Structure formats: C-alpha cells, structure tokens
Participant: 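Before we start, here is the structure in question, set down as structure tokens.
Chain letters run A, B, ... following the sequence lines, proteins first, then strands; residues in each count from 1. Fair warning: this is a prediction, and the values are worked out from it, not measured in the lab.
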Amino acid sequence: MAKTTGIASDLLDLAEVDRLVHEPARLMILMVLYGVEGADFTFLLNATELTWGNLSSHVTKLEDAGYVKVEKSFVGKKPRTMVQLTDTGRRAIDSYRQTMQGAMKRLG
Amino acid sequence: MSESINLRDVQKRTMQLSEFADGLWDLLIGSIFMVLAFYPITRELLGPFWNLAIFLFLLAFLVVGHLVARHFVSGPRMGYVQPRRTPQTRLLLVVSAVMVLLTLGLVLWTLLGPGGLSSGSEPSTPSLVRSYGVEWMVVFVIGVVFSVMGYRFGVARLFFYGWMLGLANLASVYMVHTAGWTFHVPAAIASGIILVIGFTLLLRFLRNYPIRTQEA
C-alpha cells in the first residue's frame, strides 16, 4: 500500500480490521459468546434476534474461521447445538476492539 | 459507528436474559420469604422441631421446583447458557452462597425467637434503632446482598427487593413486639409484591418466548 499522509494515515488501522468480526450479525454472536462459556442455538436466536437460517450461516462462517466451536448433542430426544468461542475467536475480538477503539479515539 | 462497545454491558444483558427474564428467581425469592412470614403461626401449631422440619422440606421443595421449572419451562424457550468459570466468578459464587445462607440464617434467627435473641423483646422499647440490633443487621445484610447481586447481574429490581424485604422483616418483628401480631404481615406483603412481579414476568416470558421447534 502506498504511503499516505494526513487523515488517511491516522485511520489506516481500520483497513486492517477483521472483516469476519466486523459484520454486525457476527459481531453480535461473538459478543454474546465472549461473556459465557457457551450458549445453545436457541439462546443465540433470542439474544441476537436473527433468523435460524441467518444465524446458522454466520455460525458456520465463524466455525470455518476457527473462531467458534460447534457441538451437536441430544438432551433426551431433543437435539441441542452448543456454540463456544475458541481461544482464536477470543483473541480476534480483543484485537478487533483494540483496533476500533484506537480508530475511534483518533476520530474524537 | 457512534456507540462504544462495552463487553461488560453485553455480559450483563446476557445474564439478564438467561437468568432473570422468566421471573422464576422472583417466584423463588417471594415464595421463600412468604413461607418465612407464616413461620411464627405454624410454629405455634406444630412446635419448633416439626415447624423447622417442615420449613426445610418446603425450602427444598421450592428449590427443586425452581430447577425443574427452569429445565422444562424456561430452558426450551430461552435456550441454555453455560456461565463462564473464571477464578473471579468462582469466588463471587462462593461469597454469594455464603451471604445468602447468612441472610436466611439471620432471618430465621429473628423469626425463631422474637424476643429470645434480640434485645427488642421488651415491648416498651423506647428507641427502634438501638433496640433491634439483629433486625437492623438483617436489613443491612439483605440490602447489601441483593444490591450486589443487582449490580452484578444488572437487574435493578433486586435492589428494591433487598431493602424492601429487610425493612419488612424489621417491621414484622416490631409489630410482634409492640402490637402482638403473630402473623408477619409486612413480610407477607413484601413477599406478595415479589410474587406478583414474578408471575407477571413469567406470563410475559411465556408470551414472548414460545418453544422453538426447528433446530439448526
């Protein structure tokens, strides 16, 4: 990338932001999972107010990136899908927060 | 993006949603204190030993009922959350459990022997503040325990519950000593208010969160 000056150079960090985390729906999912050990799909649906399909697609993307771990099990006869944040996912959120906080501070 | 990202707030909202949206905690707290409000009446009928035995049985029944309701009513609607176990949360859990037991112990202490353990036994007590040491301690302990939980979980009504229950307990013991009331009316009213709030929350929860049949 060419060397930039002025306003653009101050906000160069934003170009390096993790776009997988930056997407609002995925950010919501990751934020909910950040504070807990794990949550099932039903809870994530209620907490994020996404649809089944939407949530499923975002969780799959996060799983492919190694940010979350998905475990399917049965409780009695009912299936339960538990989603957990991995260490990689936790580091990604921390890094994302630092980048955004730095950029926001510079914006004032 | 204009709002700052506050992970602690997200964590609190997650706890509110997973633990307090269904009103079951309110129903448990209200039920326990309602049983305690009836404690002096049943003690006169049953005697101290059987009364305590029945109280402990009822306490166990309420706790088991709460767990069953959470599993069968709340769980399928709200979903399941595994709380994060850090050394800090473990310590908080232990401290909370000790404080809750201490609170129950103190309340029982004041109810078991109104007059026996507190210096407020004399009906002609001139000063409320100086004479009801144990009861004021109960007010303070319940108030602080509920306030800490309210702050920790971001549930404002717990502040109200704590101070209301503590003061209601004090008022109940005061009425026993001054007016000779056997039934702890203020404590029963306070518990009733909590039960009404709990039922309202539960009904709203059942309406807002139907059981989801589809699984990912």
Participant: Mind checking the CD1-CZ spacing from B:I193 to B:F160? Nearest 0.5 Å is all I need.
Facilitator: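 Answer for the CD1-CZ pair, B:I193 versus B:F160, is 5.5 Å.
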Participant: Do B:L206 and B:V73 pass the side chain to side chain contact (heavy atoms under 4.5 Å, CB included) test, and can you show the C-alpha distance, the side-chain angles, and the key distance before you say yes or no?
Facilitator: CA-CA 8 Å; B:L206 294 175; B:V73 179; 3.7 Å; yes
Participant: Side chains of B:T42 and B:W50: any donor to acceptor distance under 3.5 Å?
Facilitator: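 There is no such pair (donor and acceptor under 3.5 Å, judged by atom type) between the side chains of B:W50 and B:T42.
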Participant: With a 4.5 angstrom heavy-atom cut-off, which part of A:M28 approaches chain B: side chain, backbone, both or neither?
Facilitator: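 Neither part.
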Participant: Crowded around B:R204 CZ? As in, over 12 foreign heavy atoms under 6.0 Å?
Facilitator: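 Open.
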Participant: Does any heavy atom of chain A fall under 4.5 Å from the side chain of B:R13, the backbone, both, or neither of them?
Facilitator: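 It is neither, since no heavy atom gets under 4.5 Å.
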Participant: Sort by residue number and list every member of residues 15-28 of chain B having a non-hydrogen atom under 4.5 Å from chain A.
Facilitator: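 Answer by number: B:L17, B:S18.
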Participant: Do the side-chain N and O atoms of A:Y67 and A:D87 include a donor-acceptor pair separated by under 3.5 angstrom?
Facilitator: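 No donor-acceptor contact under 3.5 Å links the two side chains.
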Participant: Take A:K69 and A:E71, measure what salt bridge (Lys or Arg N to Asp or Glu O under 4.0 Å) needs, and give me the verdict at the end.
Facilitator: CA-CA 7 Å; A:K69 190 172 75 179; A:E71 275 177 18; 3.8 Å; yes
Participant: Quick one: does B:Y161's side chain have a donor or acceptor within less than 3.5 Å of a partner on B:I29's backbone?
Facilitator: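 No, because the side chain of B:Y161 does not come within donor-acceptor range (under 3.5 Å) of the backbone of B:I29.
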